Amino acid sequence: MTFTLKLRHPSVLAAMAGRNDGEFCRAIGELGVGMVTLGGISVDEQSMKASRKMVERGRREFLFDNLHSFLEENIHVAAESGAQVSVNIRSSTVTGYVAASHLIQDLGSTVEINAHCRQEEMMEVGAGQSLLDNLQLLKTIVDELESTGVTPLIKFRGNVRPEPPILTTVCPKAVHIDAYKEGERGFDFSVFERISDYECFKIGNNSVTTPDVASKVLEVCNAFSFAQIAWNRAAVRALVDAIPLTSQD
Ligand SMILES: Cc1cc2nc3c(=O)[nH]c(=O)nc-3n(C[C@H](O)[C@H](O)[C@H](O)COP(=O)(O)O)c2cc1C
């Protein structure tokens, strides 16, 4: 049977590093969203070093000394909304992903591997989008997690590398794809057309700002996600209200 993420509503708040803390996730979750994403967060020494460098040049990142207490506090607050919580993580090592993923799962949350971030500091330590250039490593991460009982979501941008080989090499059970196309605005449906034969749980992301777009995304995905419109609570509420709840059968 194919893997399913049980969400009360097929909507997801996508990661925004330095912004999506527990309180922000709780506020969005309280609008009825199905899943809220905490982070992205850096979960090992090298990726945290990269985050610190990024902050020095003005980017917002979550900086903390104790991963366990950061996760515990923020997951607890986000989960008060009743939404499923996922945590978007970046690491320079497989062991970093494994250790953090077990903490996250033990705290009742879903793990999302960040193969999306293209900040140079993060790519230099082998995290974020650089994983798309090392599919064997990405596969090892997924295999290590699955063999120890964690099913991660893989978050990446479309139109960066051909998507079908990413899926057939890494074999993820769940993906969260930013259907982005350089120089164009809006959700690029061709990304999901190219992977329509690959069965897994799919979350579609990019410029999902209206119920009309969300409904079209749900024709090719199991759920839709949004990031930047989270600043506009009325727009999020309109998405939640217009799209039917996930059926519970
Ligand atoms: C400020 C900001 C920070 C982001 N940080 C992350 C991140 O840490 N991890 C990640 O996978 N995506 C991150 N993203 C990408 C978003 O999750 C999303 O894929 C992208 O913004 C497109 O969705 P949207 O059109 O609804 O904003 C970030 C986006 C923004 C605007």
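These numbers were taken from a predicted model, which means no experiment stands behind them. We count ligands from 1, going down the list as the structure has it; atoms in each ligand are counted the same way.
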Would you check if Ile28 and Arg233 make a side-chain contact, meaning some heavy-atom pair closer than 4.5 Å? yes

Within the 4.5 Å heavy-atom criterion, are Ile203 and Met35 side-chain neighbours or not? yes

Shortest protein heavy-atom distance from atom 25 (O) of ligand 1, along with the residue and atom involved: Ser207 N, 2.8 Å

Under 4.5 Å between any side-chain heavy atoms of Ile177 and Phe156, yes or no? yes

Just to be sure I read this right, does ligand 1 sit under 4.0 Å from the backbone of Lys155, its side chain, both, or neither, counting only heavy atoms? side chain

Can you confirm, on distance only, whether ligand 1 has an N/O atom lying under 3.5 Å from any N/O atom belonging to Gly39? no

Could you check whether any side-chain heavy atom of Tyr198 comes within less than 4.5 Å of a side-chain heavy atom of Pro172, counting everything from C-beta outward? yes

the protein heavy atom lying closest to atom 26 (O) of ligand 1 turns out to be Ala227 N, 2.8 Å

Would a 4.5 Å heavy-atom cut-off, applied to side chains only, mark Leu137 and Ile141 as touching? yes

Side chain, backbone, both or neither: which part of Arg60 comes within less than 4.0 Å of ligand 1 when only heavy atoms are counted? neither

Do Arg26 and Ser81 get their side chains close enough for a donor-acceptor pair, meaning under 3.5 Å? no

Which protein non-hydrogen atom lies closest to atom 15 (C) of ligand 1, naming both residue and atom, and how far is it? His116 CE1, 3.5 Å

Report yes or no: does Val208 have a heavy atom closer than 4.0 Å to ligand 1? no

Taking N or O atoms only and a 3.5 Å limit, does Arg59 qualify as a polar contact for ligand 1? no

Does either side chain, that of Arg57 or that of Gln119, offer a donor lying less than 3.5 Å from an acceptor on the other one? yes

Identify, for atom 22 (C) of ligand 1, the protein heavy atom at the shortest distance, and state residue, atom and that distance. Asn205 OD1, 3.4 Å

The atoms of ligand 1 lying under 4.0 Å from a heavy atom of Phe226, numbered in the order shown, are 26 (O)

Heavy atoms, side chains only, cut-off 4.5 Å: are Tyr180 and His116 in contact? no

Tell me the protein heavy atom at minimum distance from atom 21 (O) of ligand 1, and give that distance in Å. Gln228 NE2, 3.4 Å

Numbered atoms and elements of ligand 1 in range of Arg19, under 4.0 angstrom, heavy atoms: 1 (C)

Tell me, which protein residue and heavy-atom name are nearest atom 28 (C) of ligand 1, and how many Å apart are they? Ala15 O, 3.4 Å

Relative to the heavy atoms of Ala14, which atoms of ligand 1 are at a distance of less than 4.0 Å? 17 (O)

Residue, atom name and distance, where the atom is the protein heavy atom closest to atom 4 (C) of ligand 1: Met16 CA, 3.4 Å

Only heavy atoms count here, so choose which of Thr209, Ile113, Asn114, Leu38 is nearest to atom 9 (N) of ligand 1. Asn114

Would you please say whether a donor-acceptor pair under 3.5 Å links the side chains of Ser92 and Gln46? no

Thinking salt bridges, do Arg161 and Asp133 make one under a 4.0 Å N-O criterion? yes

Which residue and non-hydrogen atom of the protein lie closest to atom 8 (O) of ligand 1, and at what distance in Å? Gly40 N, 3.1 Å

What I'd like to find out is whether the side chain of Thr37 reaches to under 4.5 Å of the side chain of Met16, using heavy atoms alone. no

